[in-house]
Amino acid sequence: MAKILDVLARQVWDSRGRPTVEAEVAVKGARGRAIAPAGASTGSGEAKSVDVRQAVHSINTEIRASFTGKTLDQETLDRLLLALDGTPDKSRLGGNAIVAVSLACAHALAAAAKQPLWRLLAGKRAVAMPVPQIQIFGGGAHAHGRMDVQDFMIICTGAGSFTEALEWTAQVYQAAGARLAKRGALHGVADEGGYWPAFKSNEEALAELTGAIADAGFEPGADVGIALDIAATQLWRDGRYHLALENRALTASQLHALLLQWIERYPIVSIEDPFAEHDGEAMASFTRTAGERIQVVGDDFLVTSSQRLKEAKAIGACNAVLLKPNQAGTLTETLACWRAAQEAGYGAIVSARSGETEDVTIVHLAVGWGVPQLKVGSFARSERMAKWNEGLRIEEALAGAQLPYPARRLFRRSARAP
Ligand code: PGA
Ligand code: ZN
């Protein structure tokens, strides 16, 4: 705990050149600062952001008046934010205002304790570095729908450390770029830094990514697996999943069959949001069929809500959850969802948004809370690299004192050549 001396906010700019909220919390001799990120493919159950000028104004007036002079812990500060807002979806003060203040408080408390945030969150517990999910091709809402599937990512399942995973990723990312350039299929990079490719089908992207893993000298499956984010809510219209690139519309059971075919043909170890956010039945059915082999992740489907996670567990939908602090709103609610995931036996991935900044808080959350995976986007653009590089610094600080790196344990079942 530390006495809060002041709270202020300003408008800053994110990686898409859009305005966002930065909050600063002053304590004796130190300050904490955090910036709200923003999604493009958002779930309808997320905390609602408001106009940035309005969010900044609310922080500089209401939140400032309520927080200044208080000596409270994170949980009580977060509860105060929720009480001040008073709405179930945080639409009065705004999810963007609330998450910026909540995270800035965490940084201020860590600064007051003269500890890095990850260390403050871990307390006396030993921690491990999280396993990165790194985007190689970007599509969906992050590339004007040029590909239907939003994220084609890799997980270096055979790497022995976070540092090694990034080294391997750099090689795969370069190899993928070289393949695309050779074919004249490179259209720059998408919102999260993954290549924006001109492919004729979604499956072609899977084949090219598997090829790039091999080109870089790795064994697809054993060394490096593929993770997809279908972000299927974006594909859902009039009762069908629309694959615009392939000019076809699938029922849930046809999409289910297509994904199983992809799992058979390619070294896929994880699929996020395979069905739309409302389609719990399809999620449960897919988890029953594929969940033994691969990780089935809920993002828009679970929106970092411990309540939705418990409901998903009850019907057997998904076996892992994406944790996005700005979906939940506060740090405390994000942590509650991680605790619910642990109770339910679900995996978890702390995740960035498609609109990001130099803010690296999420890396500290993953390490400090012991969340075993981290998703930040691709291996380009400084709002992404700032986070990977922060992870390198933390792994160096842990030097020899950390728990074993969890990649092989997490993906042993699925880490095999197709
Ligand atoms: P978003 O995308 O930040 O645009 O929602 C990230 C994701 O879907 O995981
Ligand atoms: Zn997603």
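Being a predicted model, the structure only gives us computed values, none of them experimental. Order of appearance sets the numbers: ligands from 1, and atoms from 1 within every ligand. All residue numbers refer to positions in the sequence shown, counting from 1. We use all heavy atoms of the structure for the numbers below, so side chains are in, but hydrogens, waters and symmetry mates are not.
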Are side-chain heavy atoms of E356 and R381 found at a separation under 4.5 Å? no

Of all the N, O or S atoms in E272, which has the shortest distance to the Zn ion (ligand 2)? OE2

Near the Zn ion (ligand 2), is there an N/O/S atom from D229 that is less than 2.8 Å away? yes

Does S41 reach ligand 1, in the sense of a heavy atom lying below 4.0 Å from it? yes

Dump the intermediate steps for salt bridge (Lys or Arg N to Asp or Glu O under 4.0 Å) on K375 and D229, then the final yes or no. CA-CA 11 Å; K375 176 185 175 188; D229 182 0; 3.2 Å; yes

Just wondering, is there an N, O or S atom on D151 that's nearer than 2.8 Å to the Zn ion (ligand 2)? no

For atom 5 (O) of ligand 1, which protein heavy atom lies nearest, and how many Å away is it? R353 NH2, 2.7 Å

Tell me, which protein residue and heavy-atom name are nearest atom 9 (O) of ligand 1, and how many Å apart are they? K375 NZ, 2.7 Å

Output yes when the distance from some N or O of ligand 1 to some N or O of Q150 is under 3.5 Å, and no in every other case. yes

Checking R92 against S58: is there a side-chain donor and acceptor pair closer than 3.5 Å? no

Does even one non-hydrogen atom of D273 get within less than 4.0 Å of ligand 1? no

Does a side-chain N-to-carboxylate-O contact under 4.0 Å join E343 and K313? no

Identity and distance of the protein heavy atom lying nearest atom 6 (C) of ligand 1: K324 NZ, 3.4 Å

In Å, rounded to the nearest 0.5 Å, how long is the span from CG of L228 to CZ of F137? 11.5 Å

Heavy-atom proximity to atom 3 (O) of ligand 1, best of S354, A231, P37: S354

Do K324 and E46 sit within salt-bridge range, that is, some charged N less than 4.0 Å from a carboxylate O? no

Determine whether M283 and D273 make a side-chain contact, defined as any pair of heavy atoms from C-beta on separated by less than 4.5 Å. yes

Output yes if D273 passes the N/O/S-under-2.8 Å test against the Zn ion (ligand 2); output no otherwise. no

